[in-house]
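Following: one structure in structure tokens, then a few remarks.
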Amino acid sequence: MSPLVQYVYESDNPTDALLSHNILVHQVELCPEVAAFVYKSRQDIYHVVINSSLNWSAQIRVFLHEIKHIEKDLPRAGYVVGLDMQHEEAEINADWFAKETVRAYGY
């Protein structure tokens, strides 16, 4: 399991736990085709942007998906811009991570 996810899950204040890792989460109304995305600002803060029109369960899954990108992909790649990348290894791995984490924590 991801140490970051476990740390946030066990924290009394998940927002502060995420901030301690330079992660901010924003719920924003996005077009229906976009569930979520993540980017790193010039201030070295990761911004996870989640479509507010998704139900709670879907928001949890896409949040975990983006956390996987923060932990594994973004530190190596620097930046990734992509659309229609659902068949790429990073996307498949992030989807698997989200699915297994949801299962492990009973969401």
Worksheet entry | Closest non-hydrogen atom pair between Val48 and Glu66, with its separation | CG1-CB, 3.9 Å

Discussion item. Quick check on the hydrophobic clustering: are Val62 and Val102 connected, directly or via other members, by side-chain heavy-atom contacts under 4.5 Å?
Written reply: yes

Discussion item. I'd like to know if the side chain of Thr101 and the backbone of Ala98 have a donor-acceptor N/O pair within less than 3.5 Å.
Written reply: no

Fill in: Heavy-atom side-chain contact between Phe63 and Leu54 under 4.5 Å
no

Response to the item:
In terms of heavy-atom contacts, Cys31 and Asn51 come closest through O-ND2, 3.2 Å

Fill in: Derivation of the side-chain contact (heavy atoms from CB on, under 4.5 Å) call for Ile50 and His26
CA-CA 6 Å; Ile50 299 174; His26 311 276; over 6 Å; no

Discussion item. Looking at Tyr46, is its backbone amide N or carbonyl O close enough to the side chain of Asn22 to form a donor-acceptor pair, meaning the two atoms are under 3.5 Å apart?
Written reply: no

Practice prompt. Kindly write out the residues that satisfy side chain to side chain contact (heavy atoms under 4.5 Å, CB included) with Asp16, not counting sequence neighbours, or none if the list is empty.
Written response: Asn13, Leu19

Discussion item. I'd like to check the side chain to side chain contact (heavy atoms under 4.5 Å, CB included) partners of Glu10; sequence neighbours left out, ordered by chain and number.
Written reply: Gln6

Item to complete: Report the C-alpha separation of Leu30 and Val49 in whole Å, then their side-chain angles, then the decisive distance to 0.1 Å, and conclude whether the side-chain contact (heavy atoms from CB on, under 4.5 Å) test is met.
Response: CA-CA 9 Å; Leu30 300 170; Val49 181; 4.2 Å; yes

Fill in: Side chain Asp95, main chain His65, donor-acceptor under 3.5 Å
no

Worksheet item: Got Ile67 and Ile23 here, is their nearest side-chain heavy-atom distance under 4.5 Å?
Response: yes

Worksheet item: So which heavy atom on Ile45 is nearest to which on His47, and how close?
Response: O-CD2, 3.4 Å

Worksheet item: What is the distance from atom CD of Gln27 to atom CD of Gln59, rounded to the nearest 0.5 Å?
Response: 4.5 Å

Worksheet item: Rounded to the nearest 0.5 Å, how far does CH2 of Trp96 lie from CD of Glu89?
Response: 13.0 Å

Discussion item. If you define the side chain from C-beta out and look only at heavy atoms, does anything of Val38 sit under 4.5 Å from Ile70?
Written reply: yes

Practice prompt. Would you check if Tyr9 and Tyr105 make a side-chain contact, meaning some heavy-atom pair closer than 4.5 Å?
Written response: yes

Practice prompt. Before accepting this row, confirm whether a basic side-chain N of the pair Lys68/Glu71 lies closer than 4.0 Å to the acidic partner's carboxylate O.
Written response: no

Worksheet item: Given side chains that start at C-beta, do those of Val28 and Ser52 come closer than 4.5 Å, heavy atoms only?
Response: no

Worksheet item: Can you tell me how far CD of Gln43 sits from CG of Leu24, rounded to the nearest 0.5 angstrom?
Response: 10.5 Å

Fill in: Set of residues satisfying side chain to side chain contact (heavy atoms under 4.5 Å, CB included) with respect to Asp12, sequence neighbours excluded
none

Worksheet item: Is the distance between the ring centroids of His21 and Tyr7 under 6.0 Å?
Response: yes

